[in-house]
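Please read all numbers here as calculations on a predicted model, not as lab measurements. Residue indices begin at 1 and follow the sequence shown. Both backbone and side-chain heavy atoms feed into the values below; hydrogens, waters and symmetry mates do not.
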Amino acid sequence: MSKIPPFEPGSVWLVGAGPGDPGLLTLYAIEGLRQADVLVYDALVSKEILSLTGEDCILEYAGKRGGKPSAKQNDITERLVALAKEGKRVLRLKGGDPYIFGRGGEEALTLEANNIPFRVIPAVSSGVGGLAYAGIPLTHRNTNSAATFLTGHDVNGEVPSVNWEHIAKGSPVIVVYMGMKHIRIITEKLIGFGRDKDEPVAIIANATLANQQVLKTTLQNAGDDVEKSGIQPPALIVVGHVVDLSDRLGWFAKVAQP
């Protein structure tokens, strides 16, 4: 096993906390939590993960949740710079992976511009780990050799202006992050550009946690079924025939405690 690098004073580690289950943290992430002087953490980071910090570590909440009062991204980034310039070992803990819809690139660019040493600790993204815990392989030889990761909203909170036609026609599996608010528009766009209205869809809420929920539906019924079920974000939307494998491969539902 390679030696864990020292967490130098005046530096920042951009660390992914994974999809939720503390067991999915990397060794680098755990060691960073133990060494950090200040932890700047996201809304979806669990208490179990926060408890892994050292006794003297200062915890600063910097969560961002759609539709709720949240810290501004520029303020968070400037706070990382200020803390590092104070000589602190700063750990920026982000849900999922820092570079997959986590704004880690924005923070890293600001650190680089201010000559702040930084390290990026990748993690299991919810679009990988969440599917695995729901019994849905991201790829499977009999269903798909490609998959598309897509954010459900742009920087202004609107449906992203991607090429929906190409996505609908070109990707056998689509994984949508942060798309619950716009699920009706997203499914209508996919059907409008040729996807089968009866194509299977899974909604995975609280992925990898004991209270994980998996709602199986179809493109045509997804909006209504989500509304009827009351399932709430954070949740992933998975579109594609690979969803059908969850009936046989849904191992976590058999072992998770309520």
From CA spacing to verdict: side-chain contact (heavy atoms from CB on, under 4.5 Å), Glu60, Val38: CA-CA 7 Å; Glu60 293 192 7; Val38 181; 4.2 Å; yes
Using a 3.5 Å distance criterion without hydrogens, assess whether the side chain of [X] forms a donor-acceptor pair with backbone atoms of [Y].
| X | Y | value |
| --- | --- | --- |
| Ser171 | Ile167 | no |
| Trp251 | Ala132 | yes |
| Asn144 | Leu138 | yes |
| Asn206 | Leu209 | no |
| Asp196 | Asp198 | yes |
| Asn114 | Ile116 | no |
| Asp37 | Arg89 | yes |
| Asp42 | Val45 | no |
| Glu112 | Ala108 | no |
| Arg34 | Gly54 | no |

Would you indicate whether the side-chain heavy atoms of [Y] and [X] approach each other to under 4.5 Å?
| X | Y | value |
| --- | --- | --- |
| Leu91 | Leu33 | yes |
| Pro172 | His241 | no |
| Leu25 | Ile49 | yes |
| Leu245 | Pro137 | yes |
| Ile185 | His182 | yes |
| Val175 | Ile237 | no |
| Val124 | Asp97 | no |
| Thr139 | Ser145 | no |

Going only through I, L, V, M, F, W and Y residues with side-chain contacts under 4.5 Å, is there a path from [X] to [Y]?
| X | Y | answer |
| --- | --- | --- |
| Leu150 | Ile100 | no |
| Val243 | Val173 | yes |
| Leu39 | Ile30 | yes |
| Ile191 | Val159 | yes |
| Val238 | Phe252 | no |

When the side chains of residues 4-24 are checked against the rest of the protein, which donor-acceptor pairs come out under 3.5 Å, sequence neighbours left out?
| residue | atom | partner | partner atom | Å |
| --- | --- | --- | --- | --- |
| Ser11 | OG | Glu8 | O | 2.5 |
| Asp21 | OD1 | Gly23 | N | 2.9 |
| Asp21 | OD2 | Tyr133 | OH | 2.8 |

Report the distance from atom [atom1] of [X] to atom [atom2] of [Y], rounding to the nearest 0.5 Å.
| X | Y | atom1 | atom2 | value |
| --- | --- | --- | --- | --- |
| Ile203 | Lys216 | CD1 | NZ | 12.0 Å |
| Met178 | Leu236 | CE | CG | 9.5 Å |
| His153 | Ile186 | NE2 | CD1 | 9.5 Å |
| Lys72 | Ile76 | NZ | CD1 | 11.5 Å |
| Leu27 | Glu31 | CG | CD | 9.0 Å |

State, to 0.1 Å, how close [X] and [Y] come at their nearest heavy-atom pair, and which atoms those are.
| X | Y | value |
| --- | --- | --- |
| Phe193 | Ala168 | CB-CB, 3.7 Å |
| Pro122 | Pro98 | CA-CD, 4.3 Å |
| His166 | Asn163 | N-OD1, 3.0 Å |
| Thr151 | Val176 | C-CG1, 4.3 Å |
| Arg119 | Tyr28 | NH1-CE2, 4.0 Å |

Neighbour count >12 (heavy atoms, 6.0 Å) for atom CG, Asp247: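 Above 12, so yes.
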Thr187 and Val201: CA distance, side-chain angles, deciding distance, side-chain contact (heavy atoms from CB on, under 4.5 Å) verdict: CA-CA 10 Å; Thr187 54; Val201 172; 5.6 Å; no
Polar contact flag, side-chain donor to acceptor under 3.5 angstrom, Gln73-Thr77: yes
Contacts of Phe101 that satisfy ring-ring contact (aromatic ring centres under 6.0 Å, His included) - sequence neighbours left out: Tyr177
side-chain contact (heavy atoms from CB on, under 4.5 Å) between Val40 and Leu83, worked out: CA-CA 10 Å; Val40 181; Leu83 288 167; 4.0 Å; yes
Carboxylate-amine/guanidinium contact Lys94 Glu107, below 4.0 Å: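 Glu107 and Lys94: salt-bridged.
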Could you pull out every donor-acceptor pair under 3.5 Å between side chains of residues 219-235 and any protein atom, sequence neighbours left out?
| residue | atom | partner | partner atom | Å |
| --- | --- | --- | --- | --- |
| Asn221 | ND2 | Thr218 | OG1 | 3.3 |
| Asp224 | OD1 | Arg184 | NH1 | 3.0 |
| Asp224 | OD1 | Arg184 | NH2 | 2.9 |
| Asp225 | OD2 | Thr217 | OG1 | 2.6 |
| Glu227 | OE1 | Arg184 | NH2 | 2.8 |
| Ser229 | OG | Asp225 | O | 3.2 |
| Ser229 | OG | Val226 | O | 3.0 |
| Ser229 | OG | Ile231 | N | 3.1 |
| Gln232 | NE2 | Gly230 | O | 3.3 |

